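Please read all numbers here as calculations on a predicted model, not as lab measurements. Chain letters run A, B, ... following the sequence lines, proteins first, then strands; residues in each count from 1.
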Amino acid sequence: MEDEKIIDLFFARSEIAIAETDNKYGKICRNLSSNILHNRQDAEECVNDAYLGLWNAIPPHRPSPLVTFLCKIVRNLSLKRYEKNTAKKRNSMYDAVIDELAPYLASETTVEDEIAAKELTHIIEDFLQMLSAENRVMFLRRYYFSDPYDAIARQLGITEKNVSVRLTRIRKQMKKYLTERGVLF
Amino acid sequence: MTVHTFSKALGDINEKYLLEAIQYPGAKSSTEAKEIKASRKRPSAVALLAAAAAILLTVAAGATALTYWNDTLREYLGIPSAASDSLAEAIAMIGDSQTKDGITVTVEQAFGDTHTTYIVATAAFSENVPLDCKTTIIPTLKNVDGGYNFDCVAVDEETRTQTYIIYVHSSNKNLIGKKMGLEFRGFRGGRDYIQYSSETWSFSFQLDYKDLSRNVTLNKDVDDFHVNSVWLSPVSMILYIEDLPAERRVIEDFDIIMKDGTLPDIKKYQIIGGVPRGNTTPIFGMFPQVIDPENVKSVVVNGIEIPID
């Protein structure tokens, strides 16, 4: 069912809207949340909470596209749950993902406090714009959706080794880019 | 900077990047790859015999499988009576009914092309249910990659029937020959969204109809891009553009002009997959009413007219 019709069902306060959202986007939401939390039950709860978030947001909002709006809610809720869970232990795909990024973001001196979060987002967007479409997709599948290498390789039709090598290059490029813009020293 | 600061900032990036990452038309999935591999295998002797038998049966049956127009669908698509017969070749007759909870759902026929299909279905209700199209069954499409939507287009008080048109667009996959699943459920409606039935009506049918499309090779430089070709059918079209500059990739205006100067409506248009494939940008358009593909004079993209012949 098209997003427009699903949103109409939300406006009509029909519970079918949730079922249709789940039919269409449940898989991508569960994968995203599971990659961060590494716990099926927690992921399921986050996805259900995200649907409740949608139910409360629509109306009055009419998000377009629906999928990215939903993914943002799922990711935020999953990260919040992750922060709560990791007070105890570290165990998820998200840990592996952020560990990969850490050496490229750490520096002895940092100006992070001086850079507003919004500004950092714009700098990341400018960096993404510089990349080829395939590299951009690879970067986001890994660091936004926390997808494993084999899933990215399947999506792009390349080998896992190729994904790994290209992501290493992109991280190096990103470090250079952030340093040139004064985000890192 | 901590990785969490970075991760949070990444979480706020423009949604167009997320959409690109979700929809990126990459390689075929392993399942699809296997299907393609399997389809290239040489047919076995048994399969060849079975195919020969099927051909014989079809010939024996002759043209006895009657194809006719559902009037509501014909009117919905604005098909002139003069064109009815030739366009009827693109109809797949289905005629499958199921009755549950006193509600009879019938999927009657589909009409379409490689990328677009209009399916007509009816639902006949009992006396105690309001007949206003707001009380409705919700169709859900199965086994098909693509978007779909539906309209409740007609109410017949006498037979207590509502007629639905479900339109499907699968801009990067071939629908012809595809086995499609269609499920109706959640019959509910009214001001309080009362549920009258929790039953499900499930159908499965093959989209076997003739492809009436035409492909026109253009190979023209237009403005600062190159137009490779255009694929046209009575209900949809795809324009293949090469080297479309990034700043022009937001399609704000997409029209076709017929040889008689008329501009048919375009129900929906989009770049297939949202992003170019290599150098090529395929732009898909779907018509709410049929056109004659032989009589298209030009296509207009963001104000630039591209002659077809």
Is the closest side-chain heavy-atom distance between R62(A) and I58(A) below 4.5 Å?
no

For N76(A), which atoms come within 4.5 Å of any heavy atom of chain B: side chain, backbone, both, or neither?
neither

Greatest number of heavy atom pairs closer than 4.5 Å to chain B - which of I6(A), L140(A), V137(A), N23(A)
V137(A)

Do F127(A) and Y177(A) make the cut of ring centroids closer than 6.0 angstrom?
yes

Under 6.0 Å from the NZ atom of K5(A), do we count more than 12 heavy atoms belonging to anything else shown?
yes

Less than 4.5 Å apart, any side-chain heavy atom of S204(B) and any of M180(B)?
no

Per-residue contact mode, E4(A) against chain B (heavy atom under 4.5 angstrom)
side chain

Can you say whether L141(B) sits under 4.5 Å from chain A via the side chain, the backbone, both, or neither, judging by heavy atoms?
neither

Residues R81(A) and E45(A) bridged, charged N to O under 4.0 Å:
yes

Check whether L79(A) gets within reach of chain B through its side chain, its backbone, both or neither, counting any heavy atom under 4.5 Å.
side chain

